[in-house]
Every structure is written in C-alpha cells, then in structure tokens.
Amino acid sequence: MVCEGSINCLTLAYVADTVSERERVPAFGILAGFLSASFVCGTLAARFLSTASTFQVAAFASMLATIYMRVFLKESLPGRDGTLRQPILKGGSDAIEEDGYSPETIEVFKKVPSAGDLICLLRSSKTLSQAAIVSFFQSLAEGGLQASLMYFLKARFHFNKNQFADLMLIVGISGTVSQLLFMPMLAPVIGEEKLLSIGLLVGSFNMFLNSISWAVWVPYAATLFSAFGFLVQPSIRSIASKQVGPNEQGKAQGCISGISSFANIVSPLIFSPLTALFLSEEAPFYFPGFSIMCIGLAMIIAFVQSTMIRASPISSHKISSIISVDST
C-alpha cells in the first residue's frame, strides 16, 4: 500500500519521458486500459483461488513485474551507466546549463519537496491548477462512490457478494474497452480537454441514474456509462504532463496523485455518514439515493471546471526549474 501510489506516478512519468506530447494521451489511455484488464484478471483469479493462494500469487506477480522492469525497461533520464546526471530535485548550486546537462554527477534527492514547493508548482501553470481542481472533485466523487454504492445497494436491493463481483467485472471490462479502444481513437481527434469533459458529464449521469434506482437491473445498466468515466484520469494526467518540463514529470504526476489521494481520504468521511442517514428512519426526507446524487453533483463541479481548461503545451526544449530547492 505504501508503494502503490508512487509506482503509478513513476510509471506515468516514464511514459511521458519516452512518448511525444502528441501521442501521450493515447499512451496514457493504453496504460490505464492494461491496468483495468489486470484488475479484471485479478478479480477472476481471486474467485477460483483460496485466500492464502491469492496472496502468494499476488506476491509472485509483483516479483515478475520487478524482474521484467529491470531486464527490459531502460532508464528514461539521460546519464551513463544508469547514473543520473540530471537531478530530480535541483539545488541552487546545481543549475543545469541552457544547452545541455551539468558535467558532473549530481546528488539526487537533496531535499524532499515541501507543501510550499508543490503549491509553487501548481501556481506556475493555470492549466495545471485547473487540472488539480478537476482531479480533486473527480476523486472526491469516485471515493464517495466506492464508499457508498455497495452500502446503498446492499440496503436498497439486498445485493450479495456475487452480484457485487458481477458489477466489478462489468466495470473493469468496460474500463478496459474504453481505455484500450475508445481513447486512442478519440483523443487525437477531439483532444484530451473535450474527452475529459465528456467523461465527467457522462460519469455524473451515471451517478444520478444510480441515485434514483428503482429496480435491481438499474445499477447494472448504469455501469455501462462508467466506461466514459475511465477516460477522465488519463486525460488529466496527459494535460498535467504537458504543463511541466521533462525533469518534472514525476513531480507533476505525484502532485496530482497526492491531491487525488487526499480526496479519497476525505470522501468516505463525508458520504458514508450521509448514506447511512438517508437509508435510516431518521432521514430528513425520503430519498435513499441522496448521497449518490451528491456524488454526482461533485462530478458536475469537476465538469464545469474542465470546460475552462485551455491546455497549451510548453516548449519541449524548455529546461524547467519551477521547483527550486535551496541546497543550503
């Protein structure tokens, strides 16, 4: 659990380092599609394995991923023999020359960036700040849905574990199809900004439909709209990656992930008690799906903010130094 978020950030940063800006959105979508496909495969495998075997297989798969990375993935940052010659976090005395890199090997991680450094990074680009706001409200809605929907379906329609598993598989399969097929086709045509807005708008419709569910089949039908919701995060990641220089891809992706994680922490504190209240006899008025509707409203806020994004990529030759960490 400690490594999961950082692995995702570093993977996105690696893709951004090795793929041109024009191809970055489809690449992020394909990466997200493989993650969804692995989720589907893992869910299916867990149904046929014992609990002890599940942990053993998961550990073995992680070991295989590490071996594959060391054998097949080359370092994306410039350097010799795997030695970083360009700092991830630069000190004041380690400035990089305008037309090249510092001739001496630079010590990495001189200082961990503070909250103030991340705020400076967000303030350096209006588009990056807007993407962060969109990511916060979208993650707030997503975390609230994960914390409340199963509780709502259990109380409302008496769903059992097999029905929950079926829903998870439908969501995973629809996410895999949308990210592997739809996103590479649509992103070059309409752009990631419009794709982001479409994903948020259709995703909010999914929430509103769930909130007024009147029969058992309605949640199953609503999951089909979740395919568009899977287009949101790759679009946000692509927009953010184009607003920073080649040395700050990890910082930008980590900043977006940190904001999303914070929203995922806050959302259950808000939506779980709200769901419990409106499913109880003490509800102010009868609307069992009121909390799900509020989740949809959070996504509408993200949608409105996404319509204001006008992403303009920075020059690929720019050596950015947005976060300057003093070495003294």
Side-chain angles (χ1 to χ4, degrees), residues 1-16 24-25 28-29 31-36 38-39 113-115 117-119 121-123 125-149 171-172 175 178-179 183 192-193 195-197 199-204 206-207 226 228-244 248-272 294-306 308-309 311:
M1 289 189 293
V2 172
C3 299
E4 182 179 1
S6 60
I7 289 174
N8 188 38
C9 295
L10 293 173
T11 304
L12 292 166
Y14 187 92
V15 172
R24 205 166 286 171
V25 184
F28 283 173
L31 177 63
F34 275 99
L35 290 175
S36 297
S38 66
F39 171 80
S114 64
D117 296 326
L118 297 179
I119 292 174
L121 176 64
L122 291 175
R123 293 179 61 184
S125 169
K126 180 181 178 181
T127 301
L128 185 60
S129 300
Q130 291 173 326
I133 295 172
V134 172
S135 182
F136 174 80
F137 282 101
Q138 190 270 340
S139 298
L140 189 72
E142 184 179 294
L145 188 67
Q146 293 175 354
S148 305
L149 184 60
V171 170
S178 66
Q179 291 166 334
M183 191 159 193
E192 58 262 48
E193 296 90 350
L195 204 61
L196 173 62
S197 298
L200 289 169
L201 183 61
V202 179
S204 63
N206 176 26
M207 308 294 180
S226 64
F228 293 90
F230 281 95
L231 304 176
V232 172
Q233 276 298 322
S235 299
I236 294 175
R237 300 293 185 165
S238 177
I239 292 171
S241 72
K242 294 180 180 180
Q243 304 309 307
V244 297
E248 293 167 343
Q249 292 297 324
K251 287 183 282 188
Q253 301 299 338
C255 185
I256 296 296
S257 293
I259 292 171
S260 298
S261 298
F262 176 72
N264 285 328
I265 293 172
V266 173
S267 57
L269 302 178
I270 299 173
F271 294 111
S272 292
C294 291
I295 293 172
L297 293 176
M299 193 161 284
I300 285 292
I301 296 174
F303 164 73
V304 173
Q305 181 64 54
S306 71
M308 304 177 187
I309 295 179

Can you tell me how far CG of Leu201 sits from CD1 of Ile300, rounded to the nearest 0.5 angstrom?
6.0 Å
Looking at Ser261 and Ser257, would you say the former's side chain and the latter's main chain have a donor-acceptor pair under 3.5 Å?
yes
Would you say Ser135's side chain and Ala131's backbone share a donor-acceptor pair under 3.5 angstrom?
no
Nearest heavy-atom contact between Ile259 and Ala132 is CD1-CB, 3.5 Å
In this structure, CD of Glu193 is separated from CE of Met308 (nearest 0.5 Å) by 15.0 Å
Candidate pair Val171 and Phe230, rule side-chain contact (heavy atoms from CB on, under 4.5 Å), full reasoning
CA-CA 9 Å; Val171 170; Phe230 281 95; 3.5 Å; yes
Looking at Ile309 and Gln130, what are the two nearest heavy atoms and their distance?
CA-OE1, 3.4 Å
How close do Leu128 and Ala240 get, heavy atom to heavy atom, and via which atoms?
CD1-CB, 3.6 Å
Point-to-point distance, once rounded to the nearest 0.5 Å, from OG of Ser267 to CZ of Phe137:
12.5 Å
What's the spacing between Leu195 CG and Ile239 CD1 if we round to 0.5 Å?
9.0 Å
When Met299 is tested against each of Val304, Leu200, Leu140 for side-chain contact (heavy atoms from CB on, under 4.5 Å), which residue passes?
Leu200
Nearest non-hydrogen partners of Cys294 and Phe271, listed with the distance:
CB-CE2, 4.0 Å
Tell me every residue that passes side chain to side chain donor-acceptor pair (under 3.5 Å) with Ser204, counting only those two or more places apart in sequence or in another chain.
none
Using the rule given for side-chain contact (heavy atoms from CB on, under 4.5 Å), can you reason through Leu196 versus Leu231, listing the C-alpha separation, both sets of side-chain angles and the distance that settles it, and then say yes or no?
CA-CA 7 Å; Leu196 173 62; Leu231 304 176; over 6 Å; no
Roughly how far apart are Ile301 CD1 and Ile133 CD1, rounded to 0.5 Å?
11.0 Å
So for atom CZ, which belongs to Phe303, do other residues, nucleotides or ligands contribute more than 12 heavy atoms lying within a distance under 6.0 Å?
yes
Using side-chain contact (heavy atoms from CB on, under 4.5 Å), reason through Gln233 and Ser260 one step at a time and then give a plain yes or no.
CA-CA 10 Å; Gln233 276 298 322; Ser260 298; 4.2 Å; yes
CD1-CD distance between Ile295 and Glu142, expressed to the nearest 0.5 angstrom
11.0 Å
